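Keep in mind that what you see is a predicted model, and the values were worked out from it rather than measured. For ligands, and for the atoms within them, numbers begin at 1 and follow the listed sequence. The figures that follow rest on heavy atoms only: side chains count, while hydrogens, waters and symmetry mates do not.
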Amino acid sequence: MQQKDKVVVIGAGALGLIALKQFKEDGFDVTGYESRPYVGGLWKDSSDNTISVHATTIFNTSKFRAAISDFPFPETADVYPTAAQMHDYLCSYADHFDLRRHINVNTRVKQILRENDRWNLTVEDVTSGKISTHYFDRLCVATGSFYTPRWPKLEGLEKFAGNVLHSIDFHGNDAFKDQNVLIIGMHATAQDVTNAISNSARHVYLSHRHGLTLLPRFNPKGEAFDTNAALPFFMLQSWFEANMPSLWIWLLDKILGKVSNAAYPDLPEEWGLRPAPSIAIATPIMADTIWPYLQSGFAEPVAAVKQITDSKTVELTDGRILHDIDTIMYCTGYHFNLPDSLVPKTDDRLSSFDPYPDGPGTIPYLYYNTYPLSTDPAVRNSLAFFGQGAAVYPGFVQYELAAMAVSQVWQGNKSLPNLATMKQWHAEHTANRAALAKKYNAPPDGTFYTALLPFKYFAWINETAGTGLFENMGGKLNGMFNLKTWSLWWNDRELYKLLRAGIMSPTVFRVFEAGGRRSFGWDESKKRLRRDNEVYERAVRAKREELGLDVDTGKPVEAKKEL
Ligand SMILES: Cc1cc2nc3c(=O)[nH]c(=O)nc-3n(C[C@H](O)[C@H](O)[C@H](O)COP(=O)(O)OP(=O)(O)OC[C@H]3O[C@@H](n4cnc5c(N)ncnc54)[C@H](O)[C@@H]3O)c2cc1C
Ligand SMILES: NC(=O)c1ccc[n+]([C@@H]2O[C@H](COP(=O)([O-])OP(=O)(O)OC[C@H]3O[C@@H](n4cnc5c(N)ncnc54)[C@H](OP(=O)(O)O)[C@@H]3O)[C@@H](O)[C@H]2O)c1
Ligand SMILES: *[C@@H]1O[C@H](CO)[C@@H](O)[C@H](O)[C@H]1NC(C)=O
Ligand SMILES: *[C@@H]1O[C@H](CO)[C@@H](O)[C@H](O)[C@H]1NC(C)=O
Ligand SMILES: *[C@@H]1O[C@H](CO)[C@@H](O)[C@H](O)[C@H]1NC(C)=O
Ligand SMILES: *[C@@H]1O[C@H](CO)[C@@H](O)[C@H](O)[C@H]1NC(C)=O
């Protein structure tokens, strides 16, 4: 690489910040554009029609797993950070790594052209309306995943006299006073909205098509649910997914079903939540927020909508009639897509690099949902889309690893496979998704995640970012036959233990030197892993105290006294 290649990152949400920091660290000359007046993206509650969290949103994985690998959350943040804490965290990340001076806020990218082997960006200063053009060698689009609100058609909606809206346009919490609200969809946003209107609305119906797995944020011992799955589990999952994917899905469904049953036993049958669909086609929710409202009867899961029969009446697919509905709110989520202004165009404008040539909500035409499948190798090596895909893994570290991988490719240290191989991956991936949808009966127009990447993604990332994790800690039978694992055990018992038995904090991705991204080295890694585990232990003890459990064992205190 020419060390001073000019890289532009569009969007300064979590992913844009992470990407910018990575490219900066690797010596690129970086520029960021952000149309909002602030960095941190959707984690600040916006009151306009752009997508954002609600003030009541809580992050769905623990801060111990969700952090960026070289920037742990402050100890004062909740175990599951609130939206405001998340936004603060991203702002301090920008400050800590001195990113702000590279980022132009209030600046919207209006057009992207590929000209003379460079990227020509037209940007608008949102406050003054001034337009300018700028050139870059490499382009990273990190403008967010959720773009087109899903508005599934409801039969007979034209007869409905009440209020109809999508959650993207919902901001207040005192709206819907004394109303009966019918929410379409029962997932994360439905939960947040139910919470937000719980002081004003009279009753909430949550209409869903096929059940849902409810999970608790904490296990009965007061531990965050995701901290139990440590490095050996990750290695096991990687091995199983590569070798026996169906068995792995079956196993996960069993485990999650068991956890769900234990935390939320005896759900009323008329809610229709169980049996829940497989994890292969539907994401569970962390249900702590909605549970009290389900228990009190304020919110009630019901079947899918068959049709609207008159101005206030709705018929469900199980024959039940809902009367006196005042508002219908779609909490049906979003299709992944990019606005036309962010689709890079070629010089001749005949062909573009639209990652969604088949329309919103389809599997993007990208390698590992990141790299374009363009016939021009210069384009493949200078354009990356972030946030168009994800593996089931907590928090931000997977995007950070993706940024490391892209940066390695752009630096010329690693290379992408040839176009045929990239296309073949895409074809196989698309076929696999379709086969899963068929096997597990996913509704054709639903949340069957077009963006979901198989765990194999981590193997590609391992190699391209250069994390050293697989070759040092993985292999058959969880490293049992891995000489490097044994050598680590022999040379540094403490580091070995922290990695194998500690929580899998994102620090683990920076321990080994593998000819890729910057590593901490063993000593610094130990220091950080020790800290990660100590903070975790303290939080567990505090939670146990709050729950009236024995702080050491997590068992009920009475049980201990009897001993
Ligand atoms: C309500 C909600 C809750 C979520 N909760 C979780 C969770 O609990 N756990 C989890 O892992 N994930 C969660 N997510 C997923 C979320 O997408 C990621 O956590 C992450 O914040 C996404 O960051 P991003 O940078 O991709 O997107 P964003 O934060 O949306 O940032 C994109 C930025 O690009 C800017 N932009 C867009 N167009 C332009 C343009 N033309 N020019 C300049 N700038 C532009 C936008 O203004 C925005 O600031 C949630 C998503 C939503 C919507
Ligand atoms: N941290 C948090 O607490 C939090 C809060 C809000 C949002 N988020 C995230 O933000 C994203 C958007 O969340 P979201 O809840 O708005 O959307 P979502 O997760 O995509 O869920 C959409 C819901 O609508 C249903 N639905 C979709 N199409 C439908 C149709 N045609 N007919 C009937 N029902 C339909 C889905 O059911 P099917 O399964 O049947 O399709 C699902 O219940 C998600 O990634 C979510 O994880 C997180
Ligand atoms: C870059 O794009 C702008 C806007 O379309 C255009 O006016 C300008 O001529 C382009 N630059 C070059 C060198 O073609
Ligand atoms: C958390 O939310 C993200 C994106 O919104 C989703 O992909 C992921 O599956 C969720 N995780 C859990 C544990 O609910
Ligand atoms: C991980 O990457 C290294 C190269 O950095 C490679 O030797 C190893 O085989 C990779 N492991 C997997 C599981 O892909
Ligand atoms: C990657 O490439 C850059 C630029 O050529 C070089 O400075 C750096 O040392 C390389 N890193 C690795 C790990 O090979």
Side-chain angles (χ1 to χ4, degrees), residues 1-5 13-15 23 25-28 41-43 51 53 57-62 65-66 80-81 83 86 144-146 187-189 191-192 212-217 224-227 229 234-235 237-239 241-243 252 256 259-260 279-289 333-334 336 369 387-396 398-399 401 404-405 407-415 447 449-453 455-476 479 482 484 509 512-519:
M1 138 180 112
Q2 292 83 39
Q3 201 62 307
K4 278 292 163 188
D5 264 12
L15 272 54
F23 298 136
E25 182 174 295
D26 289 336
F28 290 104
L42 60 74
W43 283 101
I51 185 166
V53 293
T57 304
I58 296 175
F59 206 67
N60 67 4
T61 54
S62 80
R65 302 292 310 272
Y80 290 91
M86 194 55 90
S145 318
F146 305 110
H187 208 247
T189 298
Q191 162 162 265
D192 283 356
L212 178 66
T213 303
L214 309 179
L215 292 178
R217 288 186 188 268
F225 91 101
D226 57 4
T227 50
F234 175 83
M235 289 301 167
Q237 177 163 9
S238 306
W239 190 87
E241 261 219 353
N243 297 288
L252 272 188
L256 293 176
V259 173
S260 178
I279 179 120
I281 59 154
T283 323
I285 59 165
M286 311 310 294
D288 300 41
T289 305
Y334 305 86
F336 279 49
N369 295 32
Q388 305 305 318
V392 180
Y393 192 83
F396 294 131
Q398 62 172 302
Y399 305 111
L401 292 167
M404 292 169 178
S407 183
Q408 287 298 321
V409 171
W410 287 2
Q411 286 175 79
N413 297 335
K414 298 282 164 69
S415 43
T447 312
Y449 233 5
T450 52
L452 200 65
L453 286 166
F455 232 62
K456 236 196 296 182
Y457 175 64
F458 282 104
W460 147 254
I461 289 257
N462 151 72
E463 185 128 15
T464 314
T467 63
L469 204 55
F470 282 89
E471 57 271 39
N472 280 286
M473 300 303 293
K476 276 209 187 90
N482 188 335
K484 285 196 168 172
F509 289 102
F512 299 103
E513 185 49 70
R517 58 85 193 99
R518 184 173 61 85
S519 102

Trainee: Evaluate Q388 against N369 for side-chain hydrogen bond (donor to acceptor under 3.5 Å, both in side chains), listing each step before the verdict.
Mentor: CA-CA 6 Å; Q388 305 305 318; N369 295 32; over 6 Å; no
Trainee: Roughly how far, to the nearest 0.5 Å, is CG of D226 from CE of M286?
Mentor: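 Between atom CE of M286 and atom CG of D226 there are 7.5 Å.
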Trainee: Strictly under 4.0 Å, does any heavy atom of A390 approach an atom of ligand 4?
Mentor: no
Trainee: If we only count heavy atoms from C-beta on, is the T61 to Y393 side-chain gap below 4.5 Å?
Mentor: no
Trainee: Drop me the distance from L212's CG to H187's NE2, to the nearest 0.5 angstrom.
Mentor: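 L212 atom CG to H187 atom NE2 measures 5.5 Å (nearest 0.5 Å).
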Trainee: Looking only at distances, can you tell me whether any N or O atom of Q408, backbone or side chain, sits closer than 3.5 Å to an N or O atom of ligand 6?
Mentor: no
Trainee: Decide whether a cation-pi geometry holds between R65 and F225; the criteria are a distance under 6.0 Å from NZ or CZ to the six-membered ring centre and an angle within 45° of the ring axis.
Mentor: no
Trainee: Walk me through whether F234 and F470 qualify under side chain to side chain contact (heavy atoms under 4.5 Å, CB included).
Mentor: CA-CA 10 Å; F234 175 83; F470 282 89; 4.0 Å; yes
Trainee: Give me the nearest non-hydrogen protein atom to atom 2 (O) of ligand 4 as residue plus atom name, then the distance to 0.1 Å.
Mentor: N60 ND2, 2.4 Å
Trainee: If the plane angle is over 60° it's perpendicular, under 30° parallel, otherwise tilted; pick one for F23 and W410.
Mentor: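 Judged by the thresholds at 30° and 60°, the geometry between F23 and W410 is parallel.
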Trainee: Under 4.0 Å from any heavy atom of G516, which atoms of ligand 6 are there?
Mentor: 13 (C)
Trainee: Mind checking whether G412 has a heavy atom under 4.0 Å from ligand 6?
Mentor: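 Contact absent.
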Trainee: Output the list of atoms in ligand 5 that are nearer than 4.0 Å to some heavy atom of F470, sorted by atom number.
Mentor: 11 (N), 13 (C)
Trainee: When you look for heavy atoms under 4.0 Å from ligand 4, do you find them on the side chain of P284, its backbone, both, or neither?
Mentor: backbone
Trainee: Quick one: does N462's side chain get under 4.5 Å of E471's, heavy atoms only?
Mentor: yes
Trainee: Please list the nearest protein heavy atom to atom 9 (O) of ligand 5 with its residue and the distance rounded to 0.1 Å.
Mentor: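 For atom 9 (O) of ligand 5, the nearest protein heavy atom is E463 OE1, 4.7 Å.
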Trainee: Nearest protein heavy-atom contact for atom 5 (O) of ligand 4: which residue, which atom, what distance?
Mentor: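 Of every protein heavy atom, F146 CZ, 4.4 Å lies nearest to atom 5 (O) of ligand 4.
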Trainee: Do me a favour and list the nearest non-hydrogen protein atom to atom 4 (C) of ligand 5 with residue, atom name and distance?
Mentor: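 Checked against all protein heavy atoms, atom 4 (C) of ligand 5 sits closest to E471 OE2, 3.7 Å.
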Trainee: Could you list the atoms of ligand 5 found under 4.0 angstrom from a heavy atom of A459?
Mentor: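 Under 4.0 Å from A459, ligand 5 has these atoms: 14 (O).
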Trainee: Does the residue T283 have a heavy-atom contact with ligand 4, meaning some pair of atoms that are separated by less than 4.0 Å?
Mentor: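 A heavy atom of T283 does come that close to ligand 4.
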Trainee: On the 0 to 90° scale, with breaks at 30° and 60°, tag the F458-F509 ring pair as parallel, tilted or perpendicular.
Mentor: parallel
Trainee: Considering only protein heavy atoms, which is closest to atom 14 (O) of ligand 5, and at what distance to one decimal place?
Mentor: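 Minimum-distance protein heavy atom for atom 14 (O) of ligand 5 reads N462 ND2, 3.4 Å.
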